[in-house]
Amino acid sequence: MERRNFISNFSLAGLSALLGTEIVFGGRMPGGYVPLGLQDPDPFTLFKKDSGMVVLNNKPWNMEARAHLLDDKVTPNKYMFIRNNGLIPENIDAAAWTLKVSGESALKPRTYTLQDLQRRFATHTYQLTLECGGNGRSEFDPPASGNQWTVGAVSCAEWTGVRLRDVLEDAGIRDNAVYIGYHAADLHLSRDPGKEPISRGVPIQKALQDETLLAFKMNGAEIPLAHGYPLRLVAGGWPASVSGKWLREISIRDRVHDGEKMGGSSYRVPCEPVAPGSEVKEADMCIIESMPVKSLITYPRTGVVLDKGQGLEVRGHAWAGEKEVAAVHYSMDFGASWNACRLEKPVNRLAWQHFSARLRFPARGYYEVWARATDSSGISQPMVLPGWNPKGYLNNACHRIAIKVA
Ligand SMILES: Nc1nc2c(c(=O)[nH]1)N[C@H]1C(S)=C(S)[C@@H](COP(=O)(O)O)O[C@H]1N2
Ligand SMILES: [Mo]
């Protein structure tokens, strides 16, 4: 986002809010002047993020959480990772915003205002897990290019909107429909309006699921700008790249959507395992669909020092793409033995689940707690890195934290 343009659209009160305090002589400030305190991009203030978040890139903005920041059952905005491929749209007028439904397989292509969507279709609310396909990329060797996400490119917020299915059915779906693709309002980094930063999609079956939303609210409020205000596609359990932010158009396709970042090595992995560092032919790459089983220890934070005799409640979340998590186990002896954690059912399909366990440490010294989730089909997280792939996707290795008992 061009900070200067963005900022100059704010009123004095808005600028004060961004600065976090009143501009005492604000009335004397020349029109359009950008206060120095706002000239140095401070993404934490700009996006209302916690100062413990980690900025991976500023052009485009990419930011991740640390594991312990994700302790809430429902992720608040301040701890939600940001993944942008292009520039956040400026000057959004929600009252004039429209969503077009188009494509070869749309019977009656239509355009809806946000008000049309809200008035004409029933509203639904779900907690939905969104994990970037590249979460965990930083551990792959040979390394993959792209944002070096560690563990924090995952969230589970509560999304409210209308079902994509209801809207697609209103526009009419031809029998030959196989996919939907999204088009959004963000600008390509080159600022060339003819180029899209990203335009992905999902098979029609995923588009028609109850939980696939055209969302206009996150955690009960307007969607924050960085997360797709005023309208976002949310398809939980799949790489979050299919959940298009700043949504302008949904295309009902008679073929696999061929938008930006659908081909090559983008969000695709070798269909069959390959040796690390291999060249993989485009024809041998498959589109990532449901995300694999994974878990994250969110309490305590790694490195915590405990007093001897102090018990400890360890907790976190686990998720498994389209599947449910059936069990989470922990180990405190480097994987030699495993014990079951308590595990809650998901509030709804595609929401992450919460686990906890009460631990006792037998002596002073250093420990590690490892967590491992198993999905409903019996597949568990690997303890070492899973299959290498050219872009470093789908690292669902077990999460570990360090603990000292003093
Ligand atoms: N329009 C648009 N939608 C987008 C993206 C984007 O760059 N532009 N990034 C995608 C990717 S790769 C991810 S991981 C998620 C990140 O969502 P978040 O920033 O709300 O956490 O948004 C997806 N939707
Ligand atoms: Mo992503």
Side-chain angles (χ1 to χ4, degrees), residues 1 43 46-49 53-57 59-65 69-70 75-90 92 97 99 128-138 144-149 151-159 161 180-189 195-202 212-219 222-251 257 259-262 265-269 287-288 291 391-395:
M1 151 169 23
L46 184 61
F47 300 122
K48 298 196 172 64
K49 296 294 174 183
M53 298 285 284
V54 182
V55 176
L56 301 185
N57 192 355
K59 210 173 189 219
W61 285 111
N62 283 288
M63 222 187 244
E64 76 169 329
L69 297 179
L70 290 170
T75 313
N77 173 60
K78 63 179 172 179
Y79 300 135
M80 192 181 243
F81 78 99
I82 298 179
R83 182 357 178 185
N84 292 329
N85 290 266
L87 304 169
I88 297 177
E90 294 167 15
I92 292 172
W97 193 269
L99 174 75
L128 298 166
T129 309
L130 293 183
E131 181 180 17
C132 180
N135 196 23
R137 172 178 294 140
S138 64
S145 63
N147 289 292
Q148 296 301 303
W149 305 108
V151 295
V154 60
S155 65
C156 184
E158 183 189 84
W159 295 94
I180 63 102
Y182 70 74
H183 298 281
D186 45 345
L187 260 183
H188 192 268
L189 287 176
K195 285 191 185 163
E196 286 176 293
I198 187 166
S199 167
R200 305 203 63 236
V202 291
T212 301
L213 295 180
L214 296 171
F216 39 78
K217 279 190 175 175
M218 187 184 103
N219 297 337
E222 272 177 356
I223 300 176
L225 177 64
H227 298 292
Y229 176 80
L231 187 69
R232 172 177 203 169
L233 177 63
V234 190
W238 285 43
S241 54
V242 302
S243 292
K245 306 192 275 191
W246 314 292
L247 192 67
R248 305 278 0 209
E249 185 172 346
I250 293 282
S251 200
H257 183 56
E260 190 59 33
K261 305 219 165 159
M262 284 300 293
S265 54
S266 295
Y267 306 101
R268 304 205 309 165
V269 291
I287 298 174
I288 300 169
M291 292 292 285
K391 286 297 271 295
Y393 296 121
L394 308 182
N395 176 3

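We count ligands from 1, going down the list as the structure has it; atoms in each ligand are counted the same way.
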Show your working on side-chain contact (heavy atoms from CB on, under 4.5 Å) between N395 and N135 and close with a plain yes or no. CA-CA 7 Å; N395 176 3; N135 196 23; over 6 Å; no

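- For the salt bridge (Lys or Arg N to Asp or Glu O under 4.0 Å) test, no residue two or more places apart in sequence or in another chain qualifies with E64.
- Residue I198 holds its CD1 atom at 8.0 Å from OG of S266, rounded to the nearest 0.5 Å.
- At least one donor-acceptor pair under 3.5 Å links the side chain of Y393 to the backbone N or O of Y267.
- Protein residues having a heavy atom under 4.0 Å from any atom of ligand 1 are F81, I82, R83, N84, N85, C132, Y182, A184, D186, I198, H227, R232, A240, S241, S243, G244, K245, W246, Y267, listed by chain and number.
- For the residue pair S251 and H183, no side-chain donor N or O sits within less than 3.5 Å of a side-chain acceptor on the partner.
- In this structure, CZ in R200 is found 10.0 Å from NZ in K261, a value given to the nearest 0.5 Å.
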